[in-house]
Asker: 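This is the structure I want to talk about, given as structure tokens.
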Protein chains: 2
Amino acid sequence: MQRVGATTIKQIAEELGVHPSTVSRALNPSTRRLIGKDTIERIEQAAKKLGYYPNAAAASLRTGRSKLIGVFLPDISNPVFSPILSGIAEVTSEAGFATIVADVGTESRSQTEMMFELVARRVEGLILATVSRNDKLVQQCMSEGLPVVLVNRAESQMRVSSVTSDDAYGMRLAIDHLHQLGHRRIGHLAGPQNLSTGYLRGKGFNEAIIALGLDPSETPVVECSAYTRQAGAIAMNTLLAQKPHVTAVVASNDLVALGAYDALQKAGLKVPDDISVVGHNDMPLVDMVHPPLSTIRISHRELGREAARLLMSEINHDGSARRSIVLAPELVVRSSTRKL
Amino acid sequence: MQRVGATTIKQIAEELGVHPSTVSRALNPSTRRLIGKDTIERIEQAAKKLGYYPNAAAASLRTGRSKLIGVFLPDISNPVFSPILSGIAEVTSEAGFATIVADVGTESRSQTEMMFELVARRVEGLILATVSRNDKLVQQCMSEGLPVVLVNRAESQMRVSSVTSDDAYGMRLAIDHLHQLGHRRIGHLAGPQNLSTGYLRGKGFNEAIIALGLDPSETPVVECSAYTRQAGAIAMNTLLAQKPHVTAVVASNDLVALGAYDALQKAGLKVPDDISVVGHNDMPLVDMVHPPLSTIRISHRELGREAARLLMSEINHDGSARRSIVLAPELVVRSSTRKL
DNA sequence: CCTTCTAAAGCATTCGATTGCAAAGGGGAA
DNA sequence: TTCCCCTTTGCAATCGAATGCTTTAGAAGG
């Protein structure tokens with residue numbers, strides 16, 4: 001049942017002939033001041049000698065605090081989301097919290113079921129990287145009274161805190177870059193419109209087009225069904241069929257951009273000689289593809305860190321107001337874009 | 001403190017005028033047979049109505065089982081390790097276990113400290129993807145009586161179960177391939193020798209060289225300090241300085257191979273015209289680099305799944321013997337290798 | 001009609017740490 | 001010397017679920 005050697009506070013107390021509560025206080029930083037110095041010394045030594053580690057379940061039961069948080073990811077193995085997780089783990093573990101991951105993508109159960117399972121484990125908060133623009137999960141968490149922070153993706157109503165990249169600004173960077181290179185007929189491979197990233201980048205695209213006074217009829221938008229290479233290739237083909245004369249495309253995501261590469265190659269078009277391509281995210285290795293992809297860099301690890309910090313502060317000072325943090329992305333010019 | 005609305009068994013019992021123990025048994029599949037059918041029905045309805053979710057901490061305290069496992073990764077955001085985590089999460093969550101991740105790479109504390117923190121949380125087992133060939137952490141886990149499974153990397157003494165790819169066989173595949181293409185002077189960019197992957201792939205390299213009767217003085221080996229592009233580039237330069245006449249190199253890892261790409265490009269050598277390159281792992285996107293990388297494919301997700309299955313069975317039937325599972329990798333030929 | 005079973009439910013304890021309250025002991029002030 | 005206070009420690013209840021043991025109420029059998 002219990003592993004051998006699981007020392008309890010009681011055993012330490014017996015060893016030293018003191019009361020368990022004294023041991024508890026001596027070992028707890030916030031109550032240590034109540035105990036005599038030499039007693040603390042003796043207790044700490046005994047604890048070390050007996051290999052004592054507090055039973056988190058017992059403490060959690062009594063205090064109602066589990067020091068656990070949950071993280072929902074659409075796909076752990078996606079190079080966009082794994083650095084987010086890494087950033088989250090970095091911050092939370094420093095704060096003494098352990099992180100439970102839920103890979104929603106490969107999960108047979110629904111997100112709601114997963115959420116309730118984590119509620120059963122009394123997680124103190126949730127970080128969601130999975131939400132769509134109008135996600136019922138947010139409402140469910142709120143009615144459970146569970147602190148929630150959204151990361152990477154936000155929802156349309158700003159009901160909870162979020163940390164995202166400035167999607168519209170990223171698009172603006174991409175399009176300004178292409179515009180400076182002389183491109184006027186620019187297409188957009190939009191992401192799924194039910195995700196904030198897809199929606200806001202699309203919106204950013206339109207705004208930038210208008211701001212630069214470009215002809216909307218020459219700046220077609222095609223929506224991808226997902227952030228994948230396959231979907232990107234399909235969308236690129238559609239766009240090519242609609243407007244064969246575009247000289248550049250801006251993808252909503254690097255994988256989509258690489259899908260566009262695939263489609264363009266099949267169509268016999270060269271990047272960047274015949275058409276320029278800009279991605280979004282700056283995933284690992286996109287500097288190694290051929291040609292190296294110009295893209296919008298987002299620090300996903302930093303996104304994760306900020307989200308974790310936000311959640312930690314919401315958990316600790318419960319009053320803290322809802323906040324939305326928007327990080328600025330940057331343009332990385334490589335070789336997939338060229339002067340017209 | 002405790003979130004509002006955290007219903008307890010007692011509340012359900014009061015609502016229905018039955019004893020808490022009856023509620024507990026009714027809600028627990030393994031004790032349900034002790035309770036009358038209609039009582040079960042009433043209890044289940046009340047539980048749903050009140051939004052009851054069992055307090056995992058309380059159950060864990062009483063039963064000594066936390067339904068938690070821990071996973072140690074050297075780097076979550078590394079595309080080699082994130083699919084492993086994904087595979088683990090898939091299997092464990094199906095078994096009702098939650099997975100706590102520890103990203104050892106970005107962690108300021110030592111692995112030993114992390115381990116004890118997880119012990120405090122009463123995790124029922126650990127999956128380690130971090131161990132070196134001679135890692136004291138394994139010993140420490142063993143003396144804590146904690147079930148452990150190693151994944152991707154094994155240790156030299158087979159003291160605990162492990163799931164790995166057949167590293168030597170993978171090397172054999174790579175070298176047979178190059179040999180068939182006519183290559184005779186083949187170099188090896190070895191991984192860190194304190195990691196089983198680096199060591200075994202190096203060993204596999206040597207064995208294959210001997211088996212094919214190649215001249216060892218024409219098949220140089222250079223060890224990389226890490227599995228990174230930088231280290232790969234440095235090692236490639238060293239190898240080039242030692243034996244400029246090699247016609248092919250086998251890298252211990254895809255990133256190392258890409259580092260070799262960098263170094264070769266700087267040296268004015270073309271892949272595969274001047275020199276063939278083979279990687280190892282088949283990371284995402286290495287089919288998109290220029291030229292597309294021939295490599296040894298490992299299903300990291302499957303590695304994770306198997307490791308999780310192994311751990312689950314060790315946790316459940318405590319008697320189960322130590323086992324080591326070795327998965328066969330496969331050769332993926334792309335365009336970085338060419339007939340001599 | 002009485003005994004014997006058995007199914008169903010209740011009772012009380014337990015897991016290990018935390019914490020409000022009580023008590024003891026020592027020191028200082030009046 | 002007495003009284004009070006403060007520091008240090010002990011006591012006991014508590015968190016919520018699980019579980020061995022007991023009790024109760026019918027049913028079955030003689």
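Below, chain A is the first sequence line, B the second, and so on; all start at residue 1.
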Asker: Partners of Ala46(B) by side chain to side chain contact (heavy atoms under 4.5 Å, CB included), sequence neighbours excluded?
Answerer: Ile12(B), Leu16(B)
Asker: What N/O pairs connect the protein and nucleotides 6-8 of chain D at under 3.5 Å? Give each pair on its own line.
Answerer:
none

Asker: Return the value, rounded to whole Å, for the distance between atom CZ of Arg65(A) and atom P of dG16(C).
Answerer: 23 Å
Asker: With no hydrogens and no angle check, just 3.5 Å: does a side-chain donor-acceptor pair link Gln111(A) and Thr130(A)?
Answerer: yes
Asker: Can you tell me how far P of dA9(C) sits from CZ of Arg42(B), to the nearest Å?
Answerer: 8 Å
Asker: Per the side-chain contact (heavy atoms from CB on, under 4.5 Å) rule, which among Ile69(B), Val160(B), Ile325(B), Leu311(B) passes with Val149(B)?
Answerer: Leu311(B)
Asker: Would you kindly give the CZ-to-P distance between Arg62(A) and dC15(C), to the nearest whole Å?
Answerer: 17 Å
Asker: Less than 3.5 Å apart, any donor N or O on the side chain of Tyr227(A) or Thr197(A) sitting next to an acceptor on the other?
Answerer: yes
Asker: Nearest whole angstrom, please: distance from the C1' of dT19(C) to the CG of Leu27(A).
Answerer: 16 Å
Asker: Distance check needed: dT24(D) P versus His19(B) NE2, whole Å only.
Answerer: 14 Å
Asker: Between P on dA17(D) and CD1 on Ile9(B), what's the gap in Å once rounded to a whole number?
Answerer: 5 Å
Asker: For the pair Arg323(A) and Glu306(A), find out whether any cationic side-chain nitrogen is under 4.0 Å from an anionic carboxylate oxygen.
Answerer: no
Asker: Taking side chain to side chain contact (heavy atoms under 4.5 Å, CB included) as the test, write out the residues that go with Glu117(B), two or more places apart.
Answerer: Arg109(B)
Asker: For the helix from dC1(C)-dG30(D) to dA30(C)-dT1(D), how many degrees between its two end axes (five pairs per end), to the nearest 10°?
Answerer: 50°
Asker: Does a donor on one side chain and an acceptor on the other come within less than 3.5 Å for Arg322(A) and Ser161(A)?
Answerer: no
Asker: Counting only heavy atoms not in Asn194(A), do more than 12 fall under 6.0 Å of its CG?
Answerer: yes
Asker: What does Thr8(A) touch in the nucleic acid at a heavy-atom separation under 4.0 angstrom: a base, only the sugar-phosphate, or nothing?
Answerer: sugar-phosphate
Asker: Assess the residue pair Glu155(B) and Arg159(B) against the criterion (salt bridge (charged side-chain N to carboxylate O under 4.0 Å, His left out)); give the C-alpha distance rounded to whole Å, side-chain angles, the decisive distance to 0.1 Å, and a yes or no.
Answerer: CA-CA 8 Å; Glu155(B) 56 151 24; Arg159(B) 293 177 294 183; 2.8 Å; yes
Asker: What distance do Thr22(A) atom OG1 and Leu27(A) atom CG have between them, rounded to the nearest 0.5 Å?
Answerer: 11.5 Å
Asker: Of the options dT13(C), dG10(D), dT18(C), whose atoms approach the side-chain atoms of Thr22(A) most closely?
Answerer: dG10(D)
Asker: Quick one: side-chain hydrogen bond (donor to acceptor under 3.5 Å, both in side chains) pairs with a partner in residues 37-49 of chain B, sequence neighbours left out?
Answerer: Glu15(B)-Lys49(B)
Asker: Are any of Thr63(B)'s side-chain N or O atoms less than 4.0 Å away from OP1 or OP2 of dA18(D)?
Answerer: no
Asker: Check the distance between dG16(C)'s C1' and Ile12(A)'s CD1 and give it to me in whole angstrom.
Answerer: 12 Å
Asker: Dump the intermediate steps for side-chain contact (heavy atoms from CB on, under 4.5 Å) on Arg65(B) and Arg122(B), then the final yes or no.
Answerer: CA-CA 7 Å; Arg65(B) 300 205 55 179; Arg122(B) 299 299 188 267; over 6 Å; no
Asker: Considering only nitrogen or oxygen atoms on both sides, find all protein atoms under 3.5 Å from nucleotides 20-22 of chain C and state each distance.
Answerer:
| from | atom 1 | to | atom 2 | distance (Å) |
| --- | --- | --- | --- | --- |
| dG20(C) | O6 | Arg25(A) | NH1 | 3.4 |
| dG20(C) | O6 | Arg25(A) | NH2 | 3.1 |

Asker: May I ask you to evaluate whether Tyr53(A) reaches the phosphate of dG16(C), defined as a side-chain N or O under 4.0 Å from OP1 or OP2?
Answerer: no
Asker: Mind checking if Val23(A) touches a base, just sugar-phosphate, or nothing, with heavy atoms under 4.0 Å?
Answerer: nothing
Asker: Report the distance from atom CZ of Arg122(A) to atom C1' of dA17(D), rounded to the nearest whole Å.
Answerer: 11 Å
